[in-house]
2 protein chains.
Amino acid sequence: MNTGDLYLCLAESDRLRIVNLLAEGPLCGCHIQNILSLGQVKISKQLAYLKKLGAVNCDREANWVVYRLSEPVDPLLAENLRLLRLRSPGLAEDLKNRAGFLAGIAHEEKPAPEPVQKQCCIAMRFCHEKNNKDTK
Amino acid sequence: MNTGDLYLCLAESDRLRIVNLLAEGPLCGCHIQNILSLGQVKISKQLAYLKKLGAVNCDREANWVVYRLSEPVDPLLAENLRLLRLRSPGLAEDLKNRAGFLAGIAHEEKPAPEPVQKQCCIAMRFCHEKNNKDTK
DNA sequence: ACGGAATATTCATCATTCGGAATATTCCAA
DNA sequence: TTGGAATATTCCGAATGATGAATATTCCGT
């Protein structure tokens, strides 16, 4: 991915929010949809866009499609995410919702594909306050 | 300027090159044109775009229009320029050409508006090797 | 007033992006 | 094999962006 494309990933707010989430670990499309409260089509299109740019890749796992940032993550991207999280509370908020959502689905029988499920355990430990509405 | 617009400034290579030059100090459109060897219309349009985003501003000085980065320069922009210069030799090259060009016009009777002219003195001191073709 | 230098704008075209709505696909479970 | 969940695609219209050619404007010097 060239630097121009890298900046395109960050130049649109919904795209940035998705990249911000995926930087913490892989997620399925429906999880992103839940965490960000955005429509399915918008999520799917932005993911396709990011995939075209080479920023993310995915593989199907049964009913789900697991999305991840393409490795290795460009240090320029990582540094920008770090700086952006410091300045825009929304991004930090999204990360909290991410942990909350993962913790919320951790108890379900088959909550998510393995790579996502692994994070649920972590989220359980770090997200004791319930801060997303899907937690039952 | 919001962060999305900031990244738009960096997402196109010609635009990035212009911002990179202006980060070192104000320049006229024709100077940018010379340093980057790009067409007048393209320069003018990208400058208009950057002005629309709020990244640059300008004021007319006789026949010239002096462009500057809008103050204060966002630290996020500055940091990205710093990192980009380390990874893309082209940007560092442009800066050398910038210094070479300014040194080259330093001896002319009326080389440029005052804000640009001031940098010519600096360029004279720092640019002893002649690395641009306009130097006569 | 005229010519030239520096800059801006218009026009036409092509490609990209975006939005919403609708529909299609893939997979699993029962 | 039918249904539902997750995801992708298509269609459409509106908006934006880039390019190149041509033209317009602004200003200065003479």
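By convention in this document, chain letters (A, B, ...) are assigned in the order of the sequence lines, proteins followed by strands, and residues within each chain are numbered from 1. All of these numbers come straight from a predicted model, not from anything done at the bench. Because only heavy atoms are used, hydrogens play no part in the values below, and waters and symmetry mates are left out as well, while side chains stay in.
- Here D:dA6 is the nucleotide among C:dC18, D:dG20, D:dA6 with the atom lying nearest to any side-chain atom of A:W64.
- For the pair B:D5 CG and D:dT16 P, the interatomic distance rounds to 13 Å; values are reported in whole Å.
- Look at A:R85 and A:E24 and you find a salt bridge, because one of the NZ, NE, NH1 or NH2 atoms lies within 4.0 Å of a carboxylate O, short of that distance.
- Between B:R15 and D:dA18 there is a side-chain polar atom (N or O) within less than 4.0 angstrom of OP1 or OP2.
- Under 4.0 angstrom from either OP1 or OP2 of C:dA8 there lies at least one side-chain N or O belonging to B:S44.
- Considering only side-chain N and O atoms, A:K42 lies under 4.0 angstrom from the phosphate OP1 or OP2 of C:dG19.
- Base contact: B:K45 has a heavy atom under 4.0 Å from a base atom.
- Listed nucleotides D:dG17, D:dC27, C:dC27 differ in distance to B:N63; the shortest reach to its side chain belongs to D:dC27.
- A:R98 places no side-chain N or O within 3.5 Å of a backbone atom of A:N20 that could act as its donor or acceptor partner.
- Ring pair A:H31/A:F101 is tilted by interplanar angle, where 30° to 60° counts as tilted.
- Rounded to an integer number of Å, the gap from B:Q46 CD to C:dT9 C1' is 15 Å.
- Counting only heavy atoms from C-beta outward, the side chains of B:L91 and B:L95 never approach each other to under 4.5 Å.
- Here D:dT7 is the nucleotide among C:dA21, D:dA22, D:dT7 with the atom lying nearest to any side-chain atom of A:V65.
- Put simply, the side chain of A:Q40 and the base of D:dA6 share no donor and acceptor less than 3.5 Å apart.
- If you take CD of A:E12 and C1' of D:dA15, they are 14 Å apart, rounded to a whole angstrom.
- Look at A:Y67 and you won't find any side-chain N or O under 4.0 angstrom from OP1 or OP2 of D:dA6.
- Rounded to whole Å, the distance from CD on A:Q33 to C1' on D:dA5 is 11 Å.
- Looking at the side chain of A:C30, the nearest of the listed nucleotides C:dT7, D:dA6, D:dA18 is D:dA6.
- Close to D:dG17, at under 4.0 Å from its OP1 or OP2, lies a side-chain N or O of B:K52.
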